[in-house]
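Quick note: numbers below take in every heavy atom, side chains included, and nothing from hydrogens, waters or symmetry partners. Throughout, a chain's letter reflects where its sequence line sits, starting with A, and its residues are numbered from 1. The structure presented is a predicted model; accordingly, all values stated were derived computationally and were not measured.
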2 protein chains.
Amino acid sequence: MTQPPMNQNVTLAEIAEVAGVSPATVSRVLNGDERVAEHRVESVNRAVRELGYSPSRAARSLATGKTGLIATIIDSNLEVFTDPFWGIVTTAISRTLQKSNLQALLMATPLNKADNMLAASLNSQQVDGAIFFQLHDDGFVAELFKQGLPCVVVGTPKSSKSIPYVDVDNATGARMATEYLITRGAKNVATITGDLAISAGRLRYEGYEAAIAALGQAVDKNLVVNGNFSHESGIEAMEELLDSGVPFDAVFVANDLMALGAMSVLNERDIKVPEQVAVVGFDDMFAAQLGRQKLTTVRQDIEGLGSAAASMIAEMVEGRRPASRMLQTELIQRDTA
Amino acid sequence: MTQPPMNQNVTLAEIAEVAGVSPATVSRVLNGDERVAEHRVESVNRAVRELGYSPSRAARSLATGKTGLIATIIDSNLEVFTDPFWGIVTTAISRTLQKSNLQALLMATPLNKADNMLAASLNSQQVDGAIFFQLHDDGFVAELFKQGLPCVVVGTPKSSKSIPYVDVDNATGARMATEYLITRGAKNVATITGDLAISAGRLRYEGYEAAIAALGQAVDKNLVVNGNFSHESGIEAMEELLDSGVPFDAVFVANDLMALGAMSVLNERDIKVPEQVAVVGFDDMFAAQLGRQKLTTVRQDIEGLGSAAASMIAEMVEGRRPASRMLQTELIQRDTA
DNA sequence: CTGAAAGCGCTAACAT
DNA sequence: ATGTTAGCGCTTTCAG
């Protein structure tokens, strides 16, 4: 069971010599060219194995013009860091990319249109494509995309929807959650929204709205209070809701973090969950499962987000133009509704 | 404020022509060679700007033998995914690497010695160095390191301490936590350990032990119960501790996840925290700040872990051999102790 | 089906 | 201080 030598400096030419064929033939075998005589294929493969050869990425890139590298860009202004989201997505990207013989190049950098450093790195000499995380401003991406660089954005782009993107279906998830609350018997479903300036926030609110509309009702504005996705804002929103005196027996909260905050005030005021107020969150973040009462919530397929982005970019590298994708969400029933 | 054209195909040769100098001179200017006449430096720079030139990584690699790429390898068997840890570290790595003109190549893959795929990618043709996350088995890394590949491990390696590594100072952190509990007045400090087969688990226990020893006492084995870092095991351990009947007025728990579990049983049994039992955790994970009672805990500098790893590998790429580093921890006083 | 030869864009001696 | 000249290791016409 000895490892192959993994020699640092075996070249294709040496393989050719050992196998008794020309470099061109070795190259053909390596790239799976069909029309090479069986016995030569074998002797080349044997030489490759014995010498522990692995092709030089640089030389190949120089010859083909392809790098095999996909930039995975995270705008480091984002506060994703408190969330395992980013780790899961990038890991999934890396794993999926491997299937297409591509590798993920990680770039954490503040992203703005004027950033020439990044623009230079993204020059097609350097990478075959780029995956962006949901951005404040997608003008920069739009520009690169227009210049012909394969791009995919994870999340829903603000403006330029022409760039292929993947996102979870926020609207449908929110609607399902709200409808679940209703079928469970809730008469007055309140909602704590996220930041409505962010697409996830807006779409989740729209889903709530759609569920109410399906009942033939209009949304009672007293039942909706705005948060900003932070734990703190969940606390404040619930206090506001409670203090306003509007009766409600359920609440759809736009993310788990706020839901957890809301729950803590419900607990403090001795309001029974879910008996008096049922609550469902969104995200299925890890902490949702931690408390004494586990949160009922809408799970998003975070890993799916990464692998979708990766396979889309792989398609683009091959010249195809994949459609944007929406990933389904799933309602996870636990203790709070 | 127009952007430079960012032409995909400007070559060094074209720059040379436009600037009226030889390719070698352009190369010198690009690489900051001192002995080039001032006016030529200027004209080269102007041409670079005007044509929107950026050098081809592939060609440069081929010529120099350096790739400018650092593999960042995560053993995907790890369950880091529930934790923002990984995202923070990799982000920090990427950012720090940039300062040395290196880039992070992300590789999420099950890691085992027999994995030739990975070995091939890690061949020095492909990357200039590699950063590994705490591993189950570091034999594989040891092998690569011996073959001359610059390697750094994040975490404390099991066996081969000769490989440079960065870790938080688990022992000192645990000791500080325990001593804090003691100075706060605790007479009987219990501990819930992590998985002792993992260095973090072992070292945190040793820190606890050291604090007790400093008191001139021996550890009372009835006060130590083993967990495995999971939330569930924290619950079980606390139940075991309580049911055993040993008196204790404080507990140092080896990570926040278990601490949260332990707290939930304390709450259930109406034991007042911190009055009857004070608790301190370790990690300062996000959820530590969420509950009704925020957890007192030992914070580790996760970002520091990443940037240390990155700067160490950068040093190694330049031929130096940096010493392993231990990062200090910080006690965060909150509600539970 | 296979080989020879010409680059891909850059750097690094070696001259000058 | 600057230009000339070979390559780096691979792919890819083009012949045969």
Side-chain angles (χ1 to χ4, degrees), chain A residues 6-45 47-48 51-69 101 120-121 123-128, chain B residues 6-45 47-48 51-69 101 120-121 123-128:
Chain A
M6 198 176 102
N7 189 312
Q8 322 272 18
N9 292 310
V10 208
T11 72
L12 181 146
E14 300 178 47
I15 299 293
E17 192 164 345
V18 172
V21 300
S22 76
T25 298
V26 176
S27 176
R28 289 185 185 110
V29 173
L30 257 32
N31 295 297
D33 189 320
E34 298 292 314
R35 46 190 196 177
V36 176
E38 190 58 36
H39 69 282
R40 312 205 133 173
V41 173
E42 271 167 32
S43 63
V44 167
N45 283 143
V48 166
L51 302 192
Y53 168 76
S54 87
S56 150
R57 171 189 290 289
R60 186 173 280 183
S61 293
L62 190 52
T64 61
K66 298 251 152 238
T67 62
L69 261 27
N101 277 307
S121 305
N123 181 305
S124 70
Q125 306 295 324
Q126 318 296 338
V127 299
D128 293 348
Chain B
M6 198 176 105
N7 189 315
Q8 323 272 14
N9 291 310
V10 207
T11 72
L12 181 147
E14 300 178 48
I15 298 293
E17 191 164 344
V18 171
V21 300
S22 77
T25 297
V26 177
S27 177
R28 289 186 185 108
V29 174
L30 258 29
N31 295 296
D33 190 321
E34 297 292 315
R35 46 190 196 177
V36 176
E38 191 58 35
H39 70 281
R40 313 206 132 175
V41 172
E42 270 167 33
S43 64
V44 166
N45 283 143
V48 165
L51 302 191
Y53 168 77
S54 86
S56 151
R57 170 190 290 289
R60 185 174 281 181
S61 294
L62 192 53
T64 60
K66 297 254 154 238
T67 63
L69 262 26
N101 276 307
S121 306
N123 182 306
S124 68
Q125 304 296 324
Q126 317 297 337
V127 298
D128 293 348

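Separating the CD1 atom of B:Ile15 from the P atom of D:dT2 is a distance of 17 Å, rounded to the nearest angstrom. In this entry the distance linking NZ of B:Lys66 with P of C:dA12 reads 12 Å, nearest Å. Following rounding to the nearest Å, A:Glu14 (CD) and D:dC8 (P) show an atom-to-atom distance of 11 Å. Rounded to a whole Å, the CG atom of A:Asp33 is 12 Å from the C1' atom of D:dT11. One can place CD of B:Glu34 at 13 Å from P of D:dT2, the figure rounded to the nearest angstrom. Here the C1' atom of nucleotide D:dC8 and the CZ atom of A:Arg60 are 16 Å apart, to the nearest Å. A straight line from CG of B:Leu12 to P of C:dC10 spans 5 Å, rounded to a whole angstrom. When rounded to the nearest whole Å, the span between CD of B:Glu38 and P of D:dT2 equals 11 Å.
Each of B:Leu62 and A:Thr25 has a nearest nucleotide on DNA chain C; the 5'-most of these lies closest to A:Thr25. Each of B:Ser22 and B:Ala63 lies near DNA chain D, and the nucleotide nearest B:Ser22 is the one positioned closer to the 5' end.
Put simply, the side chain of B:Arg57 and the base of C:dG9 share no donor and acceptor less than 3.5 Å apart.
Residues A:Ala47 and A:Val18 share a closest heavy-atom pair of CB-CG1, 3.9 Å. The two residues A:Arg57 and A:Leu69 make their nearest non-hydrogen contact at NH1-CD1, 3.6 Å.
Note: B:Thr11 OG1 to B:Glu14 CD = 4.0 Å, rounded to the nearest 0.5 Å. The distance from atom CZ of B:Arg28 to atom CZ of B:Arg35, rounded to the nearest 0.5 Å, is 6.0 Å.
Within 4.0 Å (heavy atoms only), A:Val26 reaches no atom of the nucleic acid at all. At a threshold of 4.0 angstrom between heavy atoms, the contacts of B:Ala24 include nucleobase atoms, whether or not backbone atoms are also involved. A:Ser27 comes within 4.0 angstrom of a nucleotide base, judged by non-hydrogen atoms across all strands.
Considering only the side chain of A:Arg28, C:dG3 comes nearest among D:dT11, C:dG3, D:dA1. Side chain of A:Arg35, nearest nucleotide from D:dT11, C:dC1, C:dG3: C:dC1.
For the pair A:Ser56 and D:dC10, the criterion of a side-chain N or O lying under 4.0 Å from OP1 or OP2 is not met. At the phosphate of D:dA1, neither OP1 nor OP2 sits under 4.0 Å from any side-chain N or O atom of B:Arg40.
Taking the side chain as every heavy atom from C-beta outward, B:Ile15 and B:Leu30 never approach each other to under 4.5 Å.
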